[in-house]
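Everything on this sheet refers to the single structure shown next.
Protein chains get the first letters and strands the later ones, always in sequence-line order, with residue 1 at the start of each.
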Amino acid sequence: MQTTPETRVYNTINGKKETFSPLEPGRIGIYVCGITAYDYCHIGHARSALVFDMIVKYLRYRGFQVKYVRNFTDIDDKIIKRANERNTSCEVLSDEFIRAFHEDMAALGVAPADIEPKATEHVDDIISIIKDLIQRELAYPAGGDVYFRVTRFKEYGTLSGRDLDEMQAGARIEVNENKEHPMDFALWKASKPGEPTWESPWGPGRPGWHIECSAMSRKYLGDTFDFHGGGKDLIFPHHENELAQSVGASGKPFARYWLHHGFVTIKDEKMSKSLGNFLTIREVLERFHPEVLRLLVFSSHYRSPLDYSEAALDDAATGLDRLYQCLAAIKGIPKTKATETTIAQSDRERLEGLEGRFNEAMRDDFNSARALGIIFEVVKTINRIVQENKDGLPPQYLDLVSSTGKKITELATIMGLLTQEPDEYLRRKREEMLTGIDISAEKIENLIRERTEARALKDWSRSDAIRDQLLEHGIILKDGPEGTSWSVKKQT
RNA sequence: GGCGGCGUAGCCAAGUGGCUAAGGCAGUGGUCUGCAAAACCAUUAUUCAUCGGUUCGACUCCGAUCGCCGCCUCCA
């Protein structure tokens with residue numbers, strides 16, 4: 001654990017990068033809004049999970065004890081609607097997609113949150129917080145519903161940077177006679193026939209969307225805690241309303257730092273269910289290694305938009321191979337006793353400076369893109385050293401190179417990258433590619449043997465014919481010092 | 001209409017009031033090879049949407065213009 005230099009984070013609430021200091025020294029509480037479980041997750045959800053996975057892992061690497069809470073919304077309008085369409089219950093439906101979510105996260109290598117609470121398991125906590133709000137006259141029951149009284153909460157709008165008058169001007173709000181003010185929002189909704197229902201002081205009903213997060217964050221992290229995160233689209237109304245509810249109920253500060261990540265776009269348009277331009281996580285993982293997606297995601301800053309395309313993933317895949325190939329190459333350097341070979345001072349400094357520069361980047365609002373750039377720089381330096389010292393390196397230099405390799409692996413792991421054994425990764429990659437090829441490995445090996453004989457006889461035309469034959473099957477040959485190896489051509 | 005963000009090489013993407021404007025992909029040149037391929041190395045922006053202003057000095061700060069995107073309704 002290093003003496004921690006300051007970490008700076010961009011806080012949505014004031015639009016500034018601030019120096020982070022935890023509420024309690026050494027400990028961090030973070031609440032992230034998870035999914036509404038009624039469908040498979042798309043790449044946008046993946047980005048959210050990956051970004052906060054990285055942030056939590058980084059904070060832990062920095063020595064903080066992190067309590068990470070990410071909820072599931074398992075009761076809401078969309079779930080009710082979908083359950084009705086499918087002729088099933090909300091519970092069955094949301095369970096199914098929570099399971100699917102866990103599968104997707106496991107496939108992505110995203111660690112589970114420490115606590116993953118569900119709204120339906122916290123109805124008592126929700127009711128209790130609503131009572132507090134009513135008592136403080138920040139909420140009122142009306143026609144079986146309960147609404148938050150926005151005009152009573154002076155700071156309403158501070159998170160999203162708007163004020164009530166502005167919002168009303170351009171508002172597209174449904175008419176609701178029960179509400180005192182058009183911007184008042186539901187804390188509790190009277191249930192309609194056939195909907196899941198809980199008893200409450202205001203009659204049978206169910207929680208509104210925002211209140212669950214106020215109740216669950218309070219329960220697991222307390223009234224005031226460090227980080228609250230989610231996608232930019234949650235800033236308004238979800239987080240604005242949460243803030244109002246929580247501060248309203250407790251009279252204390254709520255989240256101290258608000259982190260919001262940018263969207264995944266496709267052709268520069270937001271990926272969303274309503275636009276229908278989304279890809280599910282499982283669809284993408286059918287075609288790409290999870291670390292490829294991670295490399296793409298962390299190649300841009302978490303607050304920027306991220307444009308998704310197959311081409312971008314192809315690029316990322318090539319980049320990932322480069323990283324793994326470097327690590328594999330390090331293992332191949334022979335050790336020599338020679339003392340003639342040296343590594344230039346500037347190169348040594350580059351290798352030794354890796355962790356410091358990596359941290360400089362990550363400390364600055366989790367700038368994973370810059371951090372990756374630094375890793376790639378070091379990889380390039382190592383590749384050059386390896387190239388220039390094919391005959392081997394003396395022990396002290398070999399130690400430097402291999403410990404740098406280990407450090408690269410350690411740091412990349414914060415982003416969930418380079419988690420496999422390099423040889424294993426490269427081997428499996430080849431195997432996976434072979435599945436789309438209409439020729440067996442055995443047959444390939446036989447042809448290679450035949451070609452080797454031809455080459456020994458300098459029968460180049462025969463040799464080239466065999467190479468062309470294999471190329472038709474998508475197999476590329478490589479003649480190296482230890483004989484001929486082969487790989488599968490990239491599919492285009 | 002209100003609020004916010006973005007515009008950096010062929011593509012993606014960091015970054016800074018003044019040292020060589022990271023890095024990845026693609027391209028080009030080389031090493032290697034019988035020729036290739038793969039891998040590796042080298043190289044690729046006198047310039048940061050446009051026009052003004054502040055400054056000794058701006059791509060970085062300010063203003064305007066153009067273009068793109070997001071939020072204001074469910075949404076990661």
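Glu96(A) and Arg82(A) are not joined by a salt bridge, as no carboxylate oxygen comes within less than 4.0 angstrom of a charged side-chain nitrogen. Salt bridge status for Glu103(A) with Arg99(A): absent, with no side-chain N to carboxylate O gap under 4.0 Å. Look at Lys17(A) and Asp364(A) and you find a salt bridge, because one of the NZ, NE, NH1 or NH2 atoms lies within 4.0 Å of a carboxylate O, short of that distance. The pair Arg287(A)-Glu310(A) meets the salt-bridge criterion, since a charged nitrogen lies less than 4.0 angstrom from a carboxylate oxygen. No salt bridge links Glu377(A) with Lys380(A); every basic N to acidic carboxylate O contact stays at or beyond 4.0 Å.
Across every non-hydrogen atom of Ser300(A) and Leu306(A), the tightest pair is OG-CD1, 3.3 Å.
Ile235(A) has its CD1 atom 15 Å from the P atom of C74(B), to the nearest Å. The nearest whole Å value for the distance from the CZ atom in Phe298(A) to the P atom in C25(B) is 19 Å. Between the C1' atom of G24(B) and the CG atom of Leu295(A) lies a distance of 8 Å, rounded to the nearest Å. As a whole-Å value, the separation of Ile466(A) CD1 from C35(B) P is 19 Å. In this structure, CG of Asp165(A) is placed 14 Å from C1' of C72(B), rounded to the nearest angstrom. Here G5(B) presents its P atom at 13 Å from NZ of Lys16(A), a figure rounded to the nearest Å. Atom NE2 of His301(A) and atom C1' of U8(B) are 17 Å apart (whole Å). What separates NE2 of His239(A) from P of G4(B) is a distance of 20 Å, to the nearest Å.
Residues satisfying the side-chain hydrogen bond (donor to acceptor under 3.5 Å, both in side chains) test with Ser402(A), not counting sequence neighbours, are none. In this structure, the salt bridge (charged side-chain N to carboxylate O under 4.0 Å, His left out) partners of Glu450(A), at least two apart in sequence or on a different chain, are Arg462(A). Checked against salt bridge (charged side-chain N to carboxylate O under 4.0 Å, His left out), Lys390(A) has no partners two or more places apart in sequence or in another chain. Judged as a salt bridge (charged side-chain N to carboxylate O under 4.0 Å, His left out), and not counting sequence neighbours, Lys232(A) has no contacts. Taking Asp365(A) as the reference, His301(A), Tyr302(A), Arg303(A) meet the side-chain hydrogen bond (donor to acceptor under 3.5 Å, both in side chains) condition, with sequence neighbours excluded. Asp104(A) meets the salt bridge (charged side-chain N to carboxylate O under 4.0 Å, His left out) test with Arg282(A); sequence neighbours excluded.
Among the protein residues, His261(A) comes within range of the nucleic acid bases, having at least one heavy atom under 4.0 Å from a base atom. Across all strands, Val32(A) comes closer than 4.0 Å to no nucleic acid atom at all (heavy-atom distances). Residue Leu477(A) is in base contact, counting any heavy-atom pair closer than 4.0 Å across all strands shown. Arg82(A) comes within 4.0 angstrom of nothing in the nucleic acid, heavy atoms only. The residue Gly34(A) sits close only to the backbone: its heavy atoms come under 4.0 Å of sugar-phosphate atoms, none of a base. Nucleic acid contact class of Asp464(A) (heavy atoms, under 4.0 Å, all strands): base. No contact: Ala312(A) has no heavy atom under 4.0 Å from any strand. His238(A) comes within 4.0 angstrom of no nucleic acid atom, judged by non-hydrogen atoms across all strands. Backbone-only engagement by Arg322(A) is indicated by non-hydrogen atom pairs under 4.0 Å involving sugar-phosphate atoms exclusively.
Note that OG1 of Thr404(A) is 12.0 Å distant from CD1 of Ile375(A), once rounded to the nearest 0.5 Å.
The stretch residues 344-351 of chain A does not touch RNA chain B, since none of its heavy atoms comes less than 4.0 Å from the strand. Residues from residues 375-384 of chain A placing a heavy atom under 4.0 Å of any atom in RNA chain B, listed by number, are Phe376(A), Glu377(A), Lys380(A), Asn383(A), Arg384(A).
Mapping Arg370(A) and Gly231(A) onto RNA chain B by nearest heavy atom places Arg370(A) closer to the 5' end of the strand. Each of Gly319(A) and Ser304(A) was assigned the nucleotide of RNA chain B with the nearest heavy atom; the assignment lying further toward the 5' end belongs to Ser304(A).
Under the 6.0 Å cut-off for aromatic ring centres, Phe225(A) and Phe254(A) qualify, their centroids lying closer than that.
On the C1' atoms, U44(B) is 14 Å away from G24(B), given to the nearest whole Å. G53(B) and U46(B): their C1' atoms are spaced 23 Å apart (whole Å). Between U55(B) and G23(B), the two C1' atoms lie 32 Å apart (nearest whole Å). U47(B) sits 16 Å from A22(B) when the P atoms are compared, rounded to a whole Å. Straight-line distance between the C1' atoms of G30(B) and A36(B): roughly 16 Å, to the nearest whole Å. The C1' atoms of A37(B) and A21(B) are separated by 35 Å, rounded to the nearest whole Å. Spacing of C1' atoms, C41(B) relative to G52(B), comes out at 45 Å, to the nearest Å. A distance of about 31 Å separates the P atoms of C51(B) and U43(B), rounded to the whole Å.
Relative to the side chain of Arg467(A), the nucleotides C35(B), A76(B), A14(B) differ in distance, and C35(B) lies closest. Nearest nucleotide to the Lys78(A) side chain, out of C72(B), C74(B), C40(B): C74(B). Looking at the side chain of Ser463(A), the nearest of the listed nucleotides G24(B), A76(B), G34(B) is G34(B). Distances from the side chain of Gln387(A) to the nucleotides C40(B), A13(B), G34(B) place C40(B) closest.
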Pick out the pairs of N or O atoms, protein on one side and nucleotides 65-70 of chain B on the other, that lie under 3.5 Å.
from, atom 1, to, atom 2, distance (Å)
C69(B), O3', Asp268(A), O, 3.4

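Checked by distance alone, Arg303(A) brings no side-chain donor or acceptor within 3.5 Å of a matching partner on the base of G4(B).
Applying the ring pair (Phe, Tyr, Trp, His ring centres under 6.0 Å) test to pairs two or more places apart or on separate chains, those with a residue in residues 311-331 of chain A are Tyr324(A)-Tyr425(A).
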Donor-acceptor pairs under 3.5 Å, side chain of residues 34-43 of chain A to any protein atom, not counting sequence neighbours: which ones?
from, atom 1, to, atom 2, distance (Å)
His42(A), ND1, Gly44(A), N, 2.9

Test Thr120(A) against Asp74(A) for side-chain hydrogen bond (donor to acceptor under 3.5 Å, both in side chains), laying out the working first. CA-CA 6 Å; Thr120(A) 56; Asp74(A) 61 346; 2.5 Å; yes
Fill in the dot-bracket string of RNA chain B, one character per base: . for unpaired, | for a pair to another strand, ( ) or [ ] for pairs within the strand, taking Watson-Crick or G-U pairs under 3.5 Å. (((((((..(((.....[....))).(((((.......))))).....(((((..]....))))))))))))....
